[in-house]
Protein chains: 2
Amino acid sequence: MNLSKTSKYAFRILSHMAKDEKALYSAQQLHKEIDVPEKYLRRLLTDLSKHGFIKSIQGRQGGFTFNRDINQITLLEIVDAIDGLDSINECILGYESCAFSHSCPMHNIWEETKQKTIKTLTDTTLSDIHKSIVGVN
Amino acid sequence: MNLSKTSKYAFRILSHMAKDEKALYSAQQLHKEIDVPEKYLRRLLTDLSKHGFIKSIQGRQGGFTFNRDINQITLLEIVDAIDGLDSINECILGYESCAFSHSCPMHNIWEETKQKTIKTLTDTTLSDIHKSIVGVN
DNA sequence: TTTAAATGCTACTTGTTTATAGTATTTAAC
DNA sequence: GTTAAATACTATAAACAAGTAGCATTTAAA
Ligand code: FES
Ligand code: FES
């Protein structure tokens, strides 16, 4: 799997916001709390709004808040929105579309690990993240 | 895990060479067989030689052949040589050194998947690759 | 001994991702 | 209304990864 730095930033943002699901967060506040370059963070927040994960409130006293129930947002959706699903289904030898064919010499060796990764991303929602600290399973 | 395109190329090269462990392969031949840009491939082959996986034989009738027993070369060693171990131990939120600390909010959720990936890379050697096609386990 | 076929080296070019700068727009407080 | 604090947009810069070019070196065959 090839997770871009931008997707990691998205995880930072959304997992942080999930701590208090109903709160409104400003870009400046988030910048201080999760250490993502401010300008880049702003762009990413707008992007995440366009993808419908969060919504923006403009003007003074504005900011960002969730637009969907956080137990319905999976990690896979987030990666999909930023990097695309191809980044996850990638062939480990870099050949085209591992998802539909399975012809490369390392496919069998890698398949199980790949599925495990996809399963974790699919099964984990934003609401699971802070639960996990106390070991709920 | 963040596997660079170059590491994928390295996998292509070495897994292909592992089909006939004792053979001597020229860069030109490999280029035709595994579809890696020729100049880049040459550089990578030299690099893999310097890392001791293969050795080069210079001059006319030269080429590359394994320098070590292929059942002793793990996938992890290859990734380590090209991308470094950090690329594997990476924190999923992009914070520093997941390996020694484990303090980010998503660590617990990700840890098992990460370990599965590392285990596969550690346990798989070049000699396992072509065996796996007939389903040996 | 000349030539051809191979690797070795290093500098450069291209492409992609990440980051920044600057300006416009929105809206609540005053 | 004016101001201040927020997001939206777009162009550009910087950093990094991937790919190329060109020449030097090595060595076996002719
Ligand atoms: S085709 Fe290469 S890993 Fe599936
Ligand atoms: S510290 Fe973030 S995944 Fe381990």
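Convention: sequence-line order gives letters A, B, ...; per-chain numbering from 1.
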Residues within [range] bordering DNA chain D, heavy-atom distance below 4.0 Å:
| range | answer |
| --- | --- |
| residues 37-44 of chain A | A:Arg42, A:Arg43 |
| residues 79-94 of chain B | none |
| residues 47-56 of chain A | A:Lys50, A:Ser56 |

Next item on the list: Not counting sequence neighbours, which residues clear salt bridge (Lys or Arg N to Asp or Glu O under 4.0 Å) with A:Arg60? List them please.
Entry: none
Check: What salt bridge (Lys or Arg N to Asp or Glu O under 4.0 Å) pairs are there with at least one residue in residues 38-50 of chain B, not counting sequence neighbours?
Finding: B:Glu38-B:Arg42
Margin query: Applying side chain to side chain donor-acceptor pair (under 3.5 Å) as the test, list every pair that has at least one member in residues 80-91 of chain B; sequence neighbours left out.
Written below: A:Lys8-B:Glu90, B:Ser4-B:Asp83, B:Ser7-B:Asp83
Shorter than 3.5 Å, N or O on both sides, protein versus nucleotides 26-30 of chain D: list them out with atom names.
from   : atom 1 : to      : atom 2 : distance (Å)
D:dT26 : O2     : B:Gly59 : N      : 3.4
D:dT27 : O2     : B:Arg60 : N      : 3.4

For [X], which residues count as a side chain to side chain donor-acceptor pair (under 3.5 Å) partner, sequence neighbours excluded?
| X | result |
| --- | --- |
| A:Glu112 | B:Lys116 |
| B:His31 | none |
| A:Asp123 | A:Lys119 |
| B:Asn2 | none |

Check: Would you say B:Thr6 reaches D:dA18's phosphate, i.e. side-chain N/O to OP1/OP2 under 4.0 Å?
Finding: yes
Check: Does OP1 or OP2 of C:dG8 have a side-chain N or O of B:Thr46 closer than 4.0 Å?
Finding: yes
Pull out every protein N or O sitting under 3.5 Å from an N or O of nucleotides 13-16 of chain D, one pair per line with the distance.
none

Margin query: Which nucleotide wins on minimum distance to the side chain of B:Ser26, given the candidates D:dC9, C:dA19, C:dA6?
Written below: C:dA6
